[in-house]
Amino acid sequence: MTSPQLDIASAQAIVLEHCRALPTEEVPVDEALGLTLAEQIVAAADVPSMANSAMDGFAAEAGESGRELKVIGESRAGHPSDVRVGPGEAMRISTGAAMPAGANAVAPIEVVEDAGDSVTLLEALVDGQNVRSAGEDLKAGSEVLEDGRELGPAELGIAVAAGRAELSVIRRPLVAVIATGDELREPGAELAPGELHDSNLTTLQAMARTAGAEVVLARQVGDDPQLTRESFDEALQLADVVVCSGGVSVGPHDHVKGALSELGVEQHFWRVALRPGRPTWFGSREERLVFGLPGNPVSVMVTFLLFVAPALRALQRRAPQQGLAATLGEPIKRHPDRDECVRVRLVEGEAFATGPQGSHILSSMALADALAVVPRGDGDLAAGSAIELLSLQP
Ligand code: AMP
Ligand code: MG
């Protein structure tokens, strides 16, 4: 079978040519974890909004050690005092509570002798000591987060501190996953001869979600042309990205390509010079992307990481993942005409194969820290060679 095979980078470039960032929407900040910010966030006011104490202690005027000060009241977090602190006076104050007028320093509780209605300072106090000034974290009007930022816990927290309850974000990509094959059974089902548990549907959903997508359809479909077409038809109505496993090779029971062609999905490539994952298929219909991944479970993961994950990043306006580098810890035999993604564990920057590398051996994937991309060639790639790594995190 001599159909042209693309190299990995060319196939990735074709995928990215067909990716357009998804539209934006407003979401409550508590629903924005992992999404891409689609606006610039500016602080609505100074944070903190007022000068406040960094310690539990006594607010007073700066001055020498040994002073005995009359305690005239208390400023607690959320309960400021409007009493002014005069010379010879102090106010009990808690961490985060507003500094009272007249005081410019805080003596921590540990360095005073507390007699209840008076305190004696055991150390000198300098102007500003243990005081957080207004706007020390964020100045009103300053940029807090730039457009395009990926929203993690710190970003969400600072957006709230900056005064926001809702954020404009790139909508989550909607993904449909379809596992094809007459041999597939539900997780946990009793297997008849020739059957197997459908692990791909679970793996694909997990990868899609890890990449920030929402799974809107997960369907198992037998090797039947009509049912295959119906499932893809439904998937194309619901999802931005349709990902299927199996049925993209050339066997008499492989119906994916035929079904997609009937549904008007245009093929952009089929077959990549890659191991595992050669029969990978990619096409689109208008803005909808369709990935036909090979059926073997390791091929599914490798081709998802190489082709689907970059597409999901681009749809969410995220930068491509940075390539990582390592050194081969042992020689690895090269494939003569396909680049190979080898499951490796990493020991102090050196990569070692995790075990048998067949595309059906999921156990060696579960042991891996990363995939090492071993370029095609003759003979072994020697121990000590520099190697590019692909993260297992989509
Ligand atoms: P195919 O690409 O459809 O020829 O599938 C190749 C092989 O991958 C099959 O013979 C199965 O052993 C395996 N396979 C296909 N689909 C799944 C699945 N959903 N879960 C686990 N293994 C699968
Ligand atoms: Mg099949």
Side-chain angles (χ1 to χ4, degrees), residues 1 3 5-6 11 175-210 213 215 217-232 234-235 239 241-262 265 267 269-283 290-308 338 340-341 343 355-368 392 394:
M1 186 80 214
S3 162
Q5 290 182 34
L6 284 171
V175 170
V177 297
I178 297 175
T180 72
D182 277 351
E183 72 277 34
L184 305 181
R185 290 295 170 268
E186 307 290 318
E190 192 98 24
L191 299 181
E195 296 180 343
L196 56 87
H197 291 124
D198 175 3
S199 62
N200 288 346
L201 203 63
T202 295
T203 301
L204 283 172
Q205 292 180 78
M207 293 185 97
R209 292 194 181 110
T210 309
V215 176
L217 178 89
R219 169 82 44 88
Q220 229 178 52
V221 58
D223 293 317
D224 172 272
Q226 169 92 12
L227 293 176
T228 304
R229 193 177 59 240
E230 283 169 16
S231 294
F232 276 106
E234 192 180 339
V241 178
V242 180
V243 186
C244 81
S245 81
V248 284
S249 296
V250 290
H253 307 294
D254 291 332
H255 302 298
V256 169
K257 297 200 299 298
L260 290 169
S261 157
E262 284 173 33
V265 180
Q267 173 179 318
F269 66 74
W270 175 45
R271 292 182 173 253
V272 181
L274 164 67
R275 182 160 94 167
R278 173 161 57 179
T280 303
W281 188 98
F282 170 64
V290 182
F291 294 87
L293 310 183
N296 276 299
V298 177
S299 312
V300 160
M301 291 192 71
V302 167
T303 53
F304 190 105
L305 293 169
L306 283 173
F307 306 113
V308 186
R338 285 191 270 160
E340 182 161 2
C341 286
R343 287 144 261 175
Q357 296 286 319
S359 59
H360 58 300
I361 309 279
L362 208 43
S363 51
S364 57
M365 181 61 105
L367 293 173
L392 296 176

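These figures come from a predicted structure and were not determined experimentally. Ligands are counted one by one from 1 in listed order, and the atoms in each one are counted from 1 as well.
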**Request:** Mark yes or no for whether Ser364, through its side chain, and Pro356, through its backbone, hold a donor-acceptor pair below 3.5 Å.
**Result:** yes
Show me the side-chain donor-acceptor pairs of residues 183-191 shorter than 3.5 Å, one per line, residues at least two apart or across chains.
from, atom 1, to, atom 2, distance (Å)
Arg185, NE, Glu195, OE1, 3.3
Arg185, NE, Glu195, OE2, 3.0
Arg185, NH2, Glu195, OE2, 2.6

**Intermediate values then yes/no, side-chain contact (heavy atoms from CB on, under 4.5 Å), Phe291 and Val175** = CA-CA 11 Å; Phe291 294 87; Val175 170; over 6 Å; no
**Request:** Could you grab the distance from atom OG of Ser231 to atom NE2 of His255, nearest 0.5 Å is fine?
**Result:** 12.5 Å
**Request:** Examine the proximity of ligand 1 to Ser199 and report which part, side chain or backbone, both or neither, has a heavy atom under 4.0 Å away.
**Result:** both
**Point-to-point distance, once rounded to the nearest 0.5 Å, from CD of Gln357 to CD of Glu340** = 6.5 Å
**Request:** Provide the number and element of each atom of ligand 1 under 4.0 Å from a heavy atom of Leu184.
**Result:** 16 (N), 17 (C), 18 (C), 19 (N)
**Prompt:** Which atoms of ligand 1 are found less than 4.0 Å from any heavy atom of Asp198?
**Reply:** 18 (C), 19 (N), 20 (N)
**Request:** Below 4.0 angstrom from a heavy atom of Ala179, which ligand 1 atoms are there? Numbered from 1 as shown, please.
**Result:** 19 (N)
**Asked** Can you tell me how far CH2 of Trp281 sits from CZ of Arg271, rounded to the nearest 0.5 angstrom?
**Response** 14.5 Å
**Prompt:** What part of His197, side chain from CB on, backbone N/CA/C/O, both or neither, has a heavy atom under 4.0 Å from ligand 1?
**Reply:** backbone
**Asked** If you measure from each heavy atom of Gly247 to ligand 1, is any distance below 4.0 Å?
**Response** yes
**Complete:** For atom 18 (C) of ligand 1, the closest protein heavy atom turns out to be Asn200 ND2, 3.0 Å
**Minimum-distance protein heavy atom relative to atom 4 (O) of ligand 1** = Asp254 OD1, 4.4 Å
**Message:** Counting non-hydrogen protein atoms only, what is the nearest one to atom 7 (C) of ligand 1? Give residue, atom name and distance.
**Reply:** Asn296 OD1, 3.6 Å
**Asked** Which residue holds the protein heavy atom closest to atom 15 (C) of ligand 1, what is that atom called, and what is the gap in Å?
**Response** Gly295 O, 3.3 Å
**Asked** Where the side chain of Ser245 meets the backbone of Gly295, is there a donor-acceptor pair that is under 3.5 Å apart?
**Response** no
**Prompt:** Short question: side chain of Arg343, backbone of Ile361 - any donor-acceptor pair under 3.5 Å?
**Reply:** yes
**Request:** Would you mind checking which non-hydrogen protein atom is closest to atom 22 (N) of ligand 1, with the distance to 0.1 Å?
**Result:** Leu196 CD1, 3.5 Å
**Any Val243 side-chain heavy atom under 4.5 Å of Ile178 side chain** = no
**Complete:** Counting from 1 in the order shown, the ligand 1 atoms closer than 4.0 Å to a non-hydrogen atom of Pro297 are 21 (C), 22 (N)
**Fill in**
So the atoms of ligand 1 within less than 4.0 Å of a heavy atom of Glu183 turn out to be 9 (C), 10 (O), 11 (C), 15 (C)
**Prompt:** Which atoms of ligand 1 are found less than 4.0 Å from any heavy atom of Gly246?
**Reply:** 1 (P), 2 (O), 3 (O)
**Request:** Please work out whether any backbone atom (N, CA, C, O) or any side-chain heavy atom from C-beta onward of Val248 is under 4.0 Å from ligand 1, and answer side chain, backbone, both or neither.
**Result:** neither
**Asked** Taking atom SG of Cys244 and atom CG of Leu204, what is their separation to the nearest 0.5 Å?
**Response** 9.0 Å
